[in-house]
Protein chains: 2
Amino acid sequence: MTPRRDPRPAAERGHSGGGARHGGAPGGTLTGSIEDYLKAIYALEELTDLPATTSDIAERLDIAPPSVSGMLRRLATRKLIRHERYRGVSLTPAGRKAALKTLRRHRVIEAYLASVLGFSWDTVHAEAERLEHAASDELIDRMAAALGDPATDPHGAPIPTRDGTLVIVPTQLLAEQAVGTSARVASVGDEDGELLRYVGSLAIRPGAVVKVVSRAPFDGPLTLEVSGSGAKAGRTHVVGSTVARAVKVDKPR
Amino acid sequence: MTPRRDPRPAAERGHSGGGARHGGAPGGTLTGSIEDYLKAIYALEELTDLPATTSDIAERLDIAPPSVSGMLRRLATRKLIRHERYRGVSLTPAGRKAALKTLRRHRVIEAYLASVLGFSWDTVHAEAERLEHAASDELIDRMAAALGDPATDPHGAPIPTRDGTLVIVPTQLLAEQAVGTSARVASVGDEDGELLRYVGSLAIRPGAVVKVVSRAPFDGPLTLEVSGSGAKAGRTHVVGSTVARAVKVDKPR
DNA sequence: CATCGTAATTAGGTGAACCTAACTTTTGCA
DNA sequence: TGCAAAAGTTAGGTTCACCTAATTACGATG
């Protein structure tokens with residue numbers, strides 16, 4: 001029960017304000033905040049294949065644009081992003097690596113919570129969002145190992161490997177499937193819990209096979225028919241055009 | 001994949017600096033920092049049955065005394081402690097409740113990491129120290145349930161229940177046992193990983209029965225003999241006077 | 001090609017949680 | 001009982017990550 005901490009000259013302890021207070025940060029020296037920015041920039045780059053813009057990042061993180069500008073300067077100083085003033089930002093290799101590491105943390109945690117601890121897929125995101133900044137590499141690896149190193153999280157999103165590789169299986173938006181064809185749902189957006197509860201109730205989840213019955217123009221809603229033999233099989237439902245990504249199938253497996 | 005966050009008038013978002021940025025804090029509205037202070041104050045009160053002093057808190061948290069003074073003022077404002085200037089601090093019922101909640105988080109996490117994910121008892125403390133501020137009540141309860149609501153953590157410390165009750169089994173320091181008597185180890189301090197590896201290697205852990213062979217005066221080291229039938233049984237070892245708490249036994253169970 | 005709207009930045013500010021240096025209160029001891 | 005050492009507090013400063021208001025750059029359009 002003896003505390004007896006190290007008697008460093010006190011000038012060398014927590015010293016710098018706010019952020020990560022305890023020395024034992026999980027990954028490198030990145031604060032949760034920085035990890036969130038990198039994740040957002042990564043996601044935006046993925047989405048558009050173009051440099052992420054200040055206002056997109058701001059909207060995504062629910063932060064005012066000037067705050068983003070300031071943080072981008074810091075990230076550029078740390079060599080995590082390239083930033084051309086008034087243009088946009090893109091991740092450096094170091095930044096991408098950090099982003100993928102955080103993404104791995106997030107998705108491993110989601111998978112573990114859902115598989116082992118019985119969390120529903122609409123609640124894992126919020127929980128993972130906080131835990132991903134506190135969990136050590138060791139913990140993440142043990143959770144992943146306990147699941148047999150899963151390839152995807154509960155929403156179907158691929159989990160980057162320990163060495164930072166992300167296997168991207170090409171998918172299309174369900175809305176991009178030809179009307180009348182069947183497709184196997186690959187993934188569903190993970191952030192909107194309400195949406196997840198809704199599509200879950202329709203049995204639209206990764207692995208489900210659905211047929212696109214009709215599609216309204218201009219990104220309008222889709223009408224889907226759930227295939228297979230479940231209780232919900234054969235029912236048709238109307239959903240938004242961006243709910244899920246999918247791969248075409250010939251025979252419903 | 002549509003982010004589309006709430007378009008509040010922007011004056012109502014993260015607004016206040018540093019601390020907990022996203023609204024979804026796990027417990028109440030307490031930051032990790034505040035929880036750490038309350039835990040420390042609780043531990044010091046337990047230890048001495050007297051109000052905790054500024055410098056004790058400072059030493060325990062490895063923070064300069066003036067920083068503690070400042071934080072104590074904030075904690076008093078929030079009605080979590082009572083603070084008499086130049087005297088000391090004691091927890092209010094609200095503060096004690098918050099401290100016990102954090103203690104529960106910490107110990108449930110330790111127990112889970114050790115039992116389910118195979119962490120060694122000398123590494124769980126550091127991991128729990130970070131996770132306890134990020135885990136939701138839901139997660140803690142599910143982890144506890146997965147273990148059948150354990151009564152103690154891997155170091156033998158009691159785990160407060162969901163409703164904030166802490167069952168205290170009276171124990172004495174091993175050093176306080178009469179020489180020649182046997183005692184069952186109840187708990188070992190959880191913070192010092194190196195110490196834990198050492199006493200672990202001697203098979204001194206909760207449940208182990210040891211005999212106090214001799215004791216040097218003035219809180220000097222103890223000589224112990226490990227009872228039972230393990231590989232280490234019968235060996236004698238010399239350890240510090242504060243390594244473990246124990247209860248006397250007549251027949252080694 | 002001037003202008004106007006939007007996006008991005010700079011300027012200046014806040015609160016949290018830390019720090020050191022200087023000062024005050026308490027306490028232990030001659 | 002008096003006074004010095006120890007403990008605690010105040011004063012003033014830093015960094016971080018946010019904010020609003022004001023300004024500047026860009027790019028589309030008449």
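Proteins get letters first, then strands, A, B, ... in listed order; numbering begins at 1 in each.
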If we ignore angles and hydrogens, is there a donor and acceptor under 3.5 Å between the side chains of H133(A) and D36(A)?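 Yes, because at least one side-chain N or O of H133(A) sits under 3.5 Å from a partner of the opposite role on D36(A).
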Any donor-acceptor N or O pair under 3.5 Å, side chains H125(A), H155(A):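 On atom types as modelled, these side chains do not qualify, holding no pair under 3.5 Å.
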Should [X] and [Y] count as an ion pair when the cut-off is N to O under 4.0 Å?
X	Y	result
R162(B)	D137(B)	no
D141(B)	R104(B)	yes
E176(B)	R215(B)	no

Atom-pair distance ([atom1] on [X]; [atom2] on [N]), nearest Å:
X	N	atom1	atom2	answer
L61(B)	dC18(C)	CG	C1'	12 Å
I63(A)	dT20(D)	CD1	P	12 Å
L50(B)	dA7(D)	CG	P	15 Å
D62(B)	dC19(C)	CG	P	8 Å
D36(B)	dA16(C)	CG	C1'	14 Å
L75(A)	dC16(D)	CG	P	12 Å
R74(B)	dT10(D)	CZ	P	13 Å
M71(B)	dC19(C)	CE	P	11 Å

For nucleotides 5-10 of chain C, 5' to 3', base contacts (B), sugar-phosphate-only contacts (S) and non-contacts (-) with protein non-hydrogen atoms under 4.0 Å give --SBBB
dC18(C) OP1/OP2 closer than 4.0 Å to side-chain N/O of Y37(B):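 Yes, within the criterion.
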Between dC18(C) and S33(B), is there an OP1 or OP2 to side-chain N/O distance shorter than 4.0 Å?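 The answer is yes; a side-chain N or O of S33(B) sits under 4.0 Å from OP1 or OP2.
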Between CG of L139(A) and CD1 of I109(A), what distance do you get to the nearest 0.5 Å?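 The distance works out to 7.0 Å.
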Inter-end axis angle, the helix from dC1(C)-dG30(D) to dA30(C)-dT1(D), with every axis fitted to five base pairs (rounded, 10 degrees):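 It comes to 20° between the two terminal axes.
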For a quick test of your reading: what N or O donor-acceptor pairs under 3.5 Å do the side chains of residues 39-50 of chain B make, sequence neighbours left out?
{"unit_1": "K39(B)", "atom_1": "NZ", "unit_2": "E129(B)", "atom_2": "OE1", "d": "3.3"}
{"unit_1": "K39(B)", "atom_1": "NZ", "unit_2": "E129(B)", "atom_2": "OE2", "d": "2.9"}
{"unit_1": "K39(B)", "atom_1": "NZ", "unit_2": "E132(B)", "atom_2": "OE1", "d": "3.4"}
{"unit_1": "K39(B)", "atom_1": "NZ", "unit_2": "E132(B)", "atom_2": "OE2", "d": "2.6"}
{"unit_1": "E45(B)", "atom_1": "OE1", "unit_2": "R96(B)", "atom_2": "NH2", "d": "2.9"}
{"unit_1": "E45(B)", "atom_1": "OE2", "unit_2": "L91(B)", "atom_2": "N", "d": "2.9"}
{"unit_1": "T48(B)", "atom_1": "OG1", "unit_2": "L44(B)", "atom_2": "O", "d": "3.0"}
{"unit_1": "T48(B)", "atom_1": "OG1", "unit_2": "L50(B)", "atom_2": "N", "d": "3.2"}

Hey, does the side chain of T92(A) reach the backbone of L80(A) with a donor-acceptor pair shorter than 3.5 angstrom?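 Checked: pair present.
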Could you tell me whether the side chain of R142(B) and the main chain of L117(A) form a donor-acceptor pair under 3.5 Å?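 Yes, R142(B) side chain to L117(A) backbone: donor-acceptor pair under 3.5 Å.
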Sub-3.5 Å pairs of nitrogen or oxygen atoms, protein against nucleotides 4-6 of chain D:
none

All pairs passing salt bridge (charged side-chain N to carboxylate O under 4.0 Å, His left out) where residues 83-93 of chain B contributes a residue, at least two apart: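 Residue pairs with at least one partner in residues 83-93 of chain B: there are none.
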side-chain hydrogen bond (donor to acceptor under 3.5 Å, both in side chains) partners for K97(B), two or more places apart: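 Partners of K97(B) under the side-chain hydrogen bond (donor to acceptor under 3.5 Å, both in side chains) test: none.
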